[in-house]
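Here's the structure we're looking at; comments come further down.
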Amino acid sequence: MKLENGIDLDTIVPENELEEEIIADLKSGRSKEVITRCPPEPSGYWYIGHVKAWTINFETAQKFGGKTILRMDDTNPTKEDGEFADSYMADLEWLGFKPEKLVYASESYFDDIYKIAEKMIENGDAYVCELTAEEVSATRGTLTEPGKESPYRNRTPEENLKLFRQMRDGKFPDGSKTLRAKIDMAHPNINMRDPVMYKISRQHHYRVGDKWCIWPQYDFVHPMEDCLEGTTYSLCDKGFQDHRVVYEWFVQHGWGKKYAPKQREFSRCVLENVLTGKRWLKQVVNSGLVSGWDDPRFPTLVGIRRRGYTAKAVKDFVRSVGWGNTIEVTVPYSALEFYVREDLNKIATRAMVVLDPLKVVITNYEGSEEIEIDNNPNDENAGTHKATFSNVIYIEKEDFSLNPPPKYNRLVEGGIVRLKGAYIIKCNKVVFADNGDIDHLECEYIAGTKSGQDNSGIKCKGTIHFVSADNCFEVTIRDFKNLVKEEFKSPAKALADGTPIEEILEPNSMTQSTALAENFLKSAKVEDKFQFMRKGYYCVDKDKHDGHLVFNKTISLKDGFKPSGVATKF
RNA sequence: AGGGGUGUAGCCAAGCGGUAAGGCACACGACUUUGACUCGUGCAUGCGUAGGUUCAAAUCCUGCCACCCCUGCCA
């Protein structure tokens, strides 16, 4: 069966129950198309967790040739402000999602929603209640006992309408009255016990200013927004499962048309060892422990982006987690890291950078020569770049050992090692400084072993990276540890149990050092991603440090080196 | 008898009456001019539990158990 937009339904393979339901709805004619919405409340930055919601909403629509509307759910003037809308647009663009349009609920829907409320009053579905917040709470009942009906519940529609209009016109003080839905105070689902539809609150709103002193509440406003903009599937997390009946009640009583959106819920995705919650993150920002909301250690989208994570990696990750059956799913951080490495391996340009240099003098070589390095050995189209080999080079301190552990196949005294892209060298002498540290190594290169033209037949088990003294420059490296200590798998729970936040956070989660990078990296731009061979993935930060380029360590390479036996100090 | 939801490996997760997919993690191997990548192998006689129906049950039925969410004029 073909849809009007050209999508052939019979070729679509459903990946979860929702998609099966959508296909059935489309086939039966209940829905003509798929319209979803992305409804952030503009009150904070987005986290990795949001990506799941947006991916599901955008990609479900995409799959059926439908569209997704970005809707600022700005119905609460006390929490919201304008600074976030721009950041959401940037995040969405980074993620590669294109909303059909951007709407502000406050501007686009409040008038219509007000009219719906009046209509509901006329129909006897809503009433003005004069109970205080405390009284509403006290009469709501408990989990096991029914609530009590409000004494104002049975006013006539005429009275209610008059009062409601007076509420709107600012005739009553804040909190003195509410508009409530007339549902069922004895309903076993507490959300159905006459939920508040409008409250009175004289707050300046960042977009609609002082136009309103009454504000619609979530249970009422959300389904109405969905109806007004034609959403067919309102996909939210399982935290709203208990609100589905309320949603459906309002769709029926407030909207009442046969074209009705459906609310469906997926599970929230939580990562181990990741701190979320605006309140806590804000505290961390204010404490100066991190540089801001876009600190590379932060789980905000702006943070992980600065860290060097890719949108593809994050989306692949949330897709791998799936729709979910439980209210919340907790996934080890390594599950995300897998997708980060997977993507970076494909796209990151290889380069040689020595993080902790040890000087090596090639005693039987003079001058310098060009060598060629693959930009990405796994991608034939990635090309190559030039580096040099010369008589003075630097290797990693850890790539030389006076006292090697078993299976150590890097450089040792009297041993050989291949320099990536260049020659095999042999270590003849270790030169010590006065303090007993190694000052430098004296090595000889073995002629005829140059990369790509080696016919020496020499077998060399190790290959190490290096930079040549005449082809390197200093850069700053920032290395990060997880903000949260390893033992706190669920920082949210620890915090809830009263653990002080200082105890949860890693004290020195960022270290900064200087490294020697091959000159090729001089032209690197902010957000460019590299693999520093044998070390890890790094990306260029927006900061400069002492005039140096700054590289953030995104993630290390996997390290399969496991020396058997006990490794002594090396 | 408040209501709602969920139990499949260390973590996600498919499965919808025909004999337990897949991914992460882990462990070994192979390959390797990145100890990366890639490739191979292993990893639940078992699906919360006890019964029942059936030739056949993770799937159907009954009872029990465990865990999560819900008492904002937040979203």
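Throughout, a chain's letter reflects where its sequence line sits, starting with A, and its residues are numbered from 1.
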Partners passing side-chain contact (heavy atoms from CB on, under 4.5 Å) against [X] (at least two apart in sequence or in another chain):
{"X": "A/Thr142", "value": "A/Thr144, A/Glu145"}
{"X": "A/Gln241", "value": "A/Lys238, A/Glu265"}
{"X": "A/Ile416", "value": "A/Ile424, A/Lys426, A/Ile446, A/Ile458, A/Cys460"}

Determine the interatomic distance between [atom1] on [N] and the same-named atom on [M]; round to the nearest Å.
{"N": "B/G3", "M": "B/A13", "atom1": "C1'", "answer": "28 Å"}
{"N": "B/C26", "M": "B/C11", "atom1": "C1'", "answer": "12 Å"}
{"N": "B/A58", "M": "B/G52", "atom1": "P", "answer": "15 Å"}
{"N": "B/A21", "M": "B/A14", "atom1": "C1'", "answer": "6 Å"}
{"N": "B/A50", "M": "B/A57", "atom1": "P", "answer": "15 Å"}

Quick one: is [X] getting a side-chain N or O under 4.0 Å of the [N] phosphate, OP1 or OP2?
{"X": "A/Arg534", "N": "B/G35", "value": "yes"}
{"X": "A/Arg140", "N": "B/G72", "value": "yes"}
{"X": "A/Thr75", "N": "B/A75", "value": "yes"}

* Asked: Heavy atoms under 4.0 Å, any strand shown: does A/Lys450 hit a base, just sugar-phosphate, or nothing?
  ->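 Base contact - A/Lys450 has a heavy atom under 4.0 Å of at least one base atom.
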* To do: Please work out if A/His222 contacts a base, only the sugar-phosphate, or nothing of the nucleic acid, heavy-atom cut-off 4.0 Å.
  => nothing
Nucleotide paired to [N] in any strand shown, Watson-Crick or G-U, under 3.5 Å:
{"N": "B/U32", "result": "none"}
{"N": "B/A13", "result": "none"}
{"N": "B/C47", "result": "none"}
{"N": "B/G2", "result": "B/C70"}
{"N": "B/A27", "result": "B/U41"}

* Map A/Lys461 and A/Glu17 onto RNA chain B by nearest heavy atom, then report which one ends up closer to the 5' terminus. =>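 Its nearest nucleotide being more 5', the pick is A/Glu17.
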* Asked: When you match A/Gly324 and A/Ala133 each to their closest nucleotide on RNA chain B, which lands nearer the 5' end?
  -> A/Gly324
* Asked: What ring pair (Phe, Tyr, Trp, His ring centres under 6.0 Å) pairs are there with at least one residue in residues 163-189 of chain A, not counting sequence neighbours?
  ->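 Counting only pairs at least two positions apart or across chains, the ring pair (Phe, Tyr, Trp, His ring centres under 6.0 Å) contacts touching residues 163-189 of chain A are A/Tyr114-A/Phe164, A/Phe164-A/Tyr198.
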* Taking only residues at least two apart or on different chains, which pairs with a member in residues 70-79 of chain A satisfy salt bridge (Lys or Arg N to Asp or Glu O under 4.0 Å)? -> A/Glu41-A/Lys79, A/Arg71-A/Glu225, A/Arg71-A/Asp226, A/Arg71-A/Glu229
* **Annotated protein contacts, base or backbone, on nucleotides 22-27 of chain B with a non-hydrogen cut-off under 4.0 Å, one of B, S, - each** => -SSS--
* Asked: Under a 4.5 Å cut-off applied to non-hydrogen side-chain atoms, are A/Tyr109 and A/Val103 in contact?
  -> yes
